[in-house]
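Remarks on the structure that follows.
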Amino acid sequence: MKCRRCKAEAVVSLPSHNTAFCADCFLEFFSRQVDRGIHEQKLMTREDHVLVALSGGKDSLALMLELGRQGYNVTGLHIDLGIPQSSPAARSVVERFCAKYGFPLIVRDMKNEGLAIPKVKSMLHRPVCSACGKIKRYFFNQTARKGGFNVLATGHNLDDETARLTSNTLRWDIAYLSDQGPRLDDADGFTRKVKPFWRVTEFETANYAFLMGIENHYAPCPYSQGASFSTLKSLWIDLEEQMPGRKMNFYQGFLERGRKVFQGVEEKQGEALAPCERCGYPTSAGMCGVCRIREALAEKEGCPETDS
Ligand code: AMP
Ligand code: FES
Ligand code: ZN
């Protein structure tokens, strides 16, 4: 197969775009998709101070590299979750990556915060993933606010977004459907959140990471039951094979036509937010979720006999 742009031998075939590219033209195509995604949804400008959340996975590293190449003002943020084996491996990939490209990096270590995930897990009677997500989001936002960053970027791609949209649709979750998207504006003490990879798929990102020589860390979290939305993602792989391009149509159609319908229905009756009584983080519950986790941990440490 030949590259559509330069007629050299193609190395990446993209049925959803009905095309194929050689390595150089693919990288050019990928950059244009990211640029278009940023502009179409007005995610950010080169004047913004962008904190990029780096997990150590290929998506977020690829995001950092591509934003840096496009001239955005980027700093990395890694949350070290304190999970044996997987966290040290992820952290060292992120540290090596930032050192190699000269990107500034902030690391927040959950052990130093008394919030290492295995410890949090030991006090819960349910999977730790939602508490872990809460802790990550808390430190993303807190680090952005303290450091003067006005944008927080994550490595979510089109597959992540489509799977999430499908999940929200299957539940007709109007609240989520009314504000899902690649840009969540800053409000009430929360920094603006953006997903600049919303127009590129996992497959395209993996190709980009491979062609750019990004070292890949793949050590799935030992506590998660598999990749998030994995069933919906594999349904979409089948659907996309039968109907190339449908994934992008579905998601883009939602952004252009669907979301506003739900925004009209969803009364803006979100609970009022006020600063957490302990730490000042915006919350609707008096004390924020992370301070409640801290309190539960302190209680547990105070009464070891209640351990089961
Ligand atoms: P996930 O929910 O694990 O698929 O991650 C989604 C995005 O969240 C990644 O692309 C990163 O931008 C960010 N992220 C996840 N885990 C971490 C972490 N430990 N430190 C910093 N960013 C993270
Ligand atoms: Fe948070 Fe696995 S990464 S529970
Ligand atoms: Zn708090």
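For ligands, and for the atoms within them, numbers begin at 1 and follow the listed sequence.
- A distance limit of 4.0 angstrom between heavy atoms and ligand 1 selects the residues A53, L54, S55, S60, L77, H78, I79, K136, F140, T154, G155, H156.
- Atoms CD and CD, from E204 and Q33 in turn, are 6.5 Å apart once rounded to the nearest 0.5 Å.
- Listed by chain and residue number, the protein N/O/S atoms under 2.8 Å of atom 1 (Fe) of ligand 2 are C132 SG, with waters left out.
- Atom OG1 of T166 is separated from atom CD of E161 by 10.5 Å, given to the nearest 0.5 angstrom.
- Note: F197 and F30 have perpendicular aromatic rings, judged against thresholds of 30 and 60 degrees for the angle between ring planes.
- Across all non-hydrogen atoms, the minimal contact from R46 to N73 is O-CB, 4.4 Å.
- Classification of E113 and R294 as a salt-bridged pair holds, one side-chain N sitting under 4.0 Å from a carboxylate O.
- Within the model, atoms CG of N141 and NZ of K193 stand 7.0 Å from one another, a figure rounded to the nearest 0.5 Å.
- Taking the six-membered ring where the residue is Trp, Y281 and Y138 present tilted rings, their angle falling between 30° and 60°.
- Using a 4.0 Å cut-off between charged nitrogen and carboxylate oxygen, D160 and K195 do not count as a salt-bridge pair.
- Note on E215 versus K100: no salt bridge recorded, every NZ/NE/NH1/NH2 to OD/OE distance being 4.0 Å or above.
- If you count the protein N, O or S atoms nearer to the Zn ion (ligand 3) than 2.8 Å, you get 4.
- Note on ring orientation: taking the six-membered ring where Trp is involved, the planes of F254 and F262 are tilted (angle from 30° to 60°).
- Residues S31 and R69 come closest through the heavy atom pair OG-NH1, 4.1 Å.
- Taking 4.5 Å as the limit, every side-chain heavy atom of V52 sits out of range of all side-chain heavy atoms of F103.
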Determine all donor-acceptor pairs shorter than 3.5 Å in which one atom belongs to a side chain in residues 129-136; sequence neighbours excluded.
none

